[in-house]
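Residue numbering restarts at 1 for every chain, and letters A, B, ... go by the order of the sequence lines.
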Protein chains: 2
Amino acid sequence: MSRADRERQMLDMAEEVFAERGYRAASMEEIAERCGVSKPMLYEYFGSKDGLLTAAIDRSKAELYEATRAAMDRATTPQDVVWRGMLAYFEFMDAHSRSFAMLLQEPLVATPATGEAIEQTRRQQSGLIAPIIAALAPEMPRPAVEAYTEIIIGACERLAVWRLRHPEVTAHDAARYMTDFTWNAMRHHLQAPVSGPAPAPDVPGSEGSPDDLTGPPHRRS
Amino acid sequence: MSRADRERQMLDMAEEVFAERGYRAASMEEIAERCGVSKPMLYEYFGSKDGLLTAAIDRSKAELYEATRAAMDRATTPQDVVWRGMLAYFEFMDAHSRSFAMLLQEPLVATPATGEAIEQTRRQQSGLIAPIIAALAPEMPRPAVEAYTEIIIGACERLAVWRLRHPEVTAHDAARYMTDFTWNAMRHHLQAPVSGPAPAPDVPGSEGSPDDLTGPPHRRS
DNA sequence: CCAGTAACCTACTCTGAGTAAGTTACCACC
DNA sequence: GGTGGTAACTTACTCAGAGTAGGTTACTGG
């Protein structure tokens with residue numbers, strides 16, 4: 001098997017096992033078995049258990065990033081960027097629950113003084129949101145933009161975790177909560193105030209329109 | 001040494017070691033040594049390494065909860081509740097960096113199907129915020145209140161982590177970012193709209209007033 | 001047919017979680 | 001002032017699983 005294919009396979013299996021058992025309970029032996037190879041191979045490719053987890057997380061993050069970015073690219077208005085980005089984010093989590101379960105384990109590898117590669121990923125994540133805020137509110141000082149960016153990322157993550165225990169809340173609902181929340185929070189900082197209430201997706205029909213949040217929020221898909 | 005004292009001591013040392021080394025690298029042996037006892041004692045008291053971490057986290061959370069609640073109790077207006085709560089939260093993180101480092105490790109113990117006790121802690125955390133939102137916006141449906149609560153908690157956590165790499169951002173700054181953000185997000189849902197811009201602390205002088213966020217946000221303490 | 005090398009394996013070591021089976025220290029009670 | 005009882009503690013293990021040393025197969029170009 002080619003090196004690249006083997007690597008992909010190993011990451012697939014690692015993702016599976018880490019998601020099923022959690023980092024601690026996952027054994028390198030088991031991951032190796034599922035790949036049909038022996039343990040030292042994993043060490044050859046990834047150096048350590050941490051290395052394997054990190055690589056798997058990095059890949060998932062990249063996919064998530066890509067999915068979100070692609071969705072945002074299709075948007076027309078600023079509101080639409082926010083809405084599509086949020087929706088894509090939550091839909092990705094639904095579609096890739098294994099990746100999601102793994103992303104939750106990031107603190108594991110981040111907590112020692114390991115932060116090197118994490119730093120880069122973090123910057124990538126922020127890189128998606130910060131420019132939007134900066135564009136919408138050009139007068140806002142840099143630190144405030146950064147802080148708001150972190151606030152939004154943290155909020156998304158926590159809301160995604162919360163959804164695990166609330167399966168009745170659709171990705172659509174979650175995206176609406178986030179969009180509504182952040183949009184209202186931001187609008188006082190907008191340079192050229194945008195009309196209308198919370199941003200509505202202007203994609204024709206299909207996705208429904210997130211009207212005012214005080215209305216009943218549950219619309220089962 | 002009395003059982004209660006010993007337990008306290010063990011939790012203190014565990015907190016120290018977990019914070020210094022991270023969960024993985026922390027060894028039960030070392031924690032025991034620092035307590036001047038042998039390993040089986042730790043197992044007698046806490047059952048397992050997980051148990052010890054969980055107990056330590058629970059204690060820290062309780063302290064954080066208590067500090068925040070106490071601060072909120074001293075508030076007069078709804079805005080003031082939000083402001084004081086946020087400020088107390090970030091100040092606690094500054095003052096108890098060890099607890100904080102440990103709280104970050106929670107996912108470790110939460111990721112398997114361990115969520116039982118975590119659930120309770122989570123509810124406690126939410127219990128501080130949800131009632132405020134519900135009081136401010138009585139028309140808001142329950143699920144939306146819950147979602148907003150999670151959004152705010154997630155935002156706070158992430159902002160606290162972000163501050164680790166940005167020591168120039170004071171607790172005061174962070175509280176102001178959060179207060180400004182959430183207040184603006186909420187005001188469109190307020191039953192009886194509150195006047196004024198983002199909430200300002202009406203504590204006489206000492207703490208400074210978080211005026212408009214577009215102003216320079218850094219005020220070194 | 002024979003290097004040379006890439007992919008892979010067997011068979012270990014070693015650290016650290018968790019435990020079994022004791023030992024000491026102290027107290028109540030007669 | 002010994003004696004049963006028990007709480008607090010220890011030594012000395014087992015055992016799983018991360019990580020490694022050193023060899024074996026299998027395919028390539030010459």
Side-chain angles (χ1 to χ4, degrees), chain A residues 1-58 102 105-114 117, chain B residues 1-58 102 105-114 117:
Chain A
M1 183 175 274
S2 90
R3 197 166 176 94
D5 284 350
R6 182 63 86 191
E7 186 172 325
R8 236 188 312 281
Q9 182 201 25
M10 283 174 172
L11 289 176
D12 287 344
M13 295 304 136
E15 195 170 317
E16 225 177 83
V17 176
F18 282 136
E20 274 172 29
R21 307 225 189 286
Y23 181 82
R24 305 237 325 283
S27 99
M28 293 297 268
E29 196 66 56
E30 180 174 359
I31 296 173
E33 252 171 44
R34 292 204 196 178
C35 295
V37 299
S38 66
K39 203 162 49 135
M41 278 291 94
L42 290 176
Y43 286 90
E44 161 107 20
Y45 278 72
F46 301 100
S48 67
K49 196 180 180 184
D50 267 22
L52 180 54
L53 177 64
T54 306
I57 287 181
D58 281 358
M102 249 199 10
Q105 317 208 356
E106 190 179 1
L108 254 175
V109 74
T111 32
T114 326
Chain B
M1 182 177 273
S2 88
R3 196 165 177 96
D5 285 349
R6 181 64 85 192
E7 186 172 326
R8 235 188 312 279
Q9 183 200 26
M10 283 173 171
L11 289 176
D12 287 344
M13 294 304 135
E15 196 170 315
E16 226 176 82
V17 176
F18 282 137
E20 275 172 29
R21 307 224 191 286
Y23 180 84
R24 305 238 323 286
S27 98
M28 294 296 268
E29 198 66 56
E30 181 175 358
I31 296 173
E33 252 171 43
R34 292 203 197 180
C35 296
V37 298
S38 67
K39 203 163 47 140
M41 278 291 93
L42 290 176
Y43 286 91
E44 162 105 20
Y45 278 72
F46 302 102
S48 69
K49 196 180 179 183
D50 267 23
L52 179 55
L53 177 65
T54 306
I57 287 180
D58 281 357
M102 251 198 9
Q105 317 209 358
E106 192 180 357
L108 256 176
V109 73
T111 29
T114 327

Nearest-angstrom distance from the residue atom CZ of A:Phe46 to C1' of D:dG19: 16 Å
Check: B:Tyr23 main-chain N/O paired with B:Lys49 side-chain donor or acceptor under 3.5 Å: yes
For DNA chain C, the residues among residues 34-44 of chain B that have a non-hydrogen atom under 4.0 Å from it: B:Lys39, B:Pro40, B:Tyr43
Atom-to-atom span, OH of B:Tyr45 to P of D:dT10 - whole angstrom: 11 Å
Sugar-phosphate, base or nothing in reach of A:Ala26, heavy atoms under 4.0 Å: sugar-phosphate
Separation of atom NZ in B:Lys49 from atom C1' in D:dA16, rounded to whole Å: 14 Å
Side-chain heavy atoms of B:Phe18 within contact of B:Arg24, under 4.5 Å: no
Distance test, side-chain N/O of B:Arg6 to OP1/OP2 of D:dC9, below 4.0 Å: yes
For B:Glu33, side chain to side chain donor-acceptor pair (under 3.5 Å) partners two or more places apart: none
Angle of first-five versus last-five pair axes in the helix from C:dC1-D:dG30 to C:dC30-D:dG1, to 10 degrees: 0°
Whole-Å gap separating P (D:dA16) and CD (A:Glu33): 15 Å
Minimal non-hydrogen separation, B:Val17 against B:Ala26, with atom names: CG1-CB, 3.6 Å
Sequence-distant partners of B:Glu29, side chain to side chain donor-acceptor pair (under 3.5 Å), two or more places apart: none
Residues that B:Glu20 engages under salt bridge (charged side-chain N to carboxylate O under 4.0 Å, His left out), provided they are two or more places apart: B:Arg34
Interatomic distance, A:Glu29 CD vs D:dT20 P [rounded to whole Å]: 15 Å
Set of residues satisfying side-chain contact (heavy atoms from CB on, under 4.5 Å) with respect to A:Ser48, sequence neighbours excluded: A:Asp50
Length of the line joining B:Arg24:CZ and D:dA18:P, which is rounded to integer Å: 10 Å
Sequence neighbours excluded, every pair satisfying side-chain hydrogen bond (donor to acceptor under 3.5 Å, both in side chains) that has a member inside residues 37-46 of chain A: none
Boundaries of the DNA chain C segment in contact with chain B, non-hydrogen, under 4.0 Å: C:dA17 to C:dA20
Nearest non-hydrogen partners of A:Met102 and A:Ile57, listed with the distance: CE-N, 3.7 Å
Any side-chain heavy-atom pair of A:Arg6 and A:Met41 under 4.5 Å: no
B:Leu52 side chain reached by B:Met28 side chain, heavy atoms, under 4.5 Å: yes
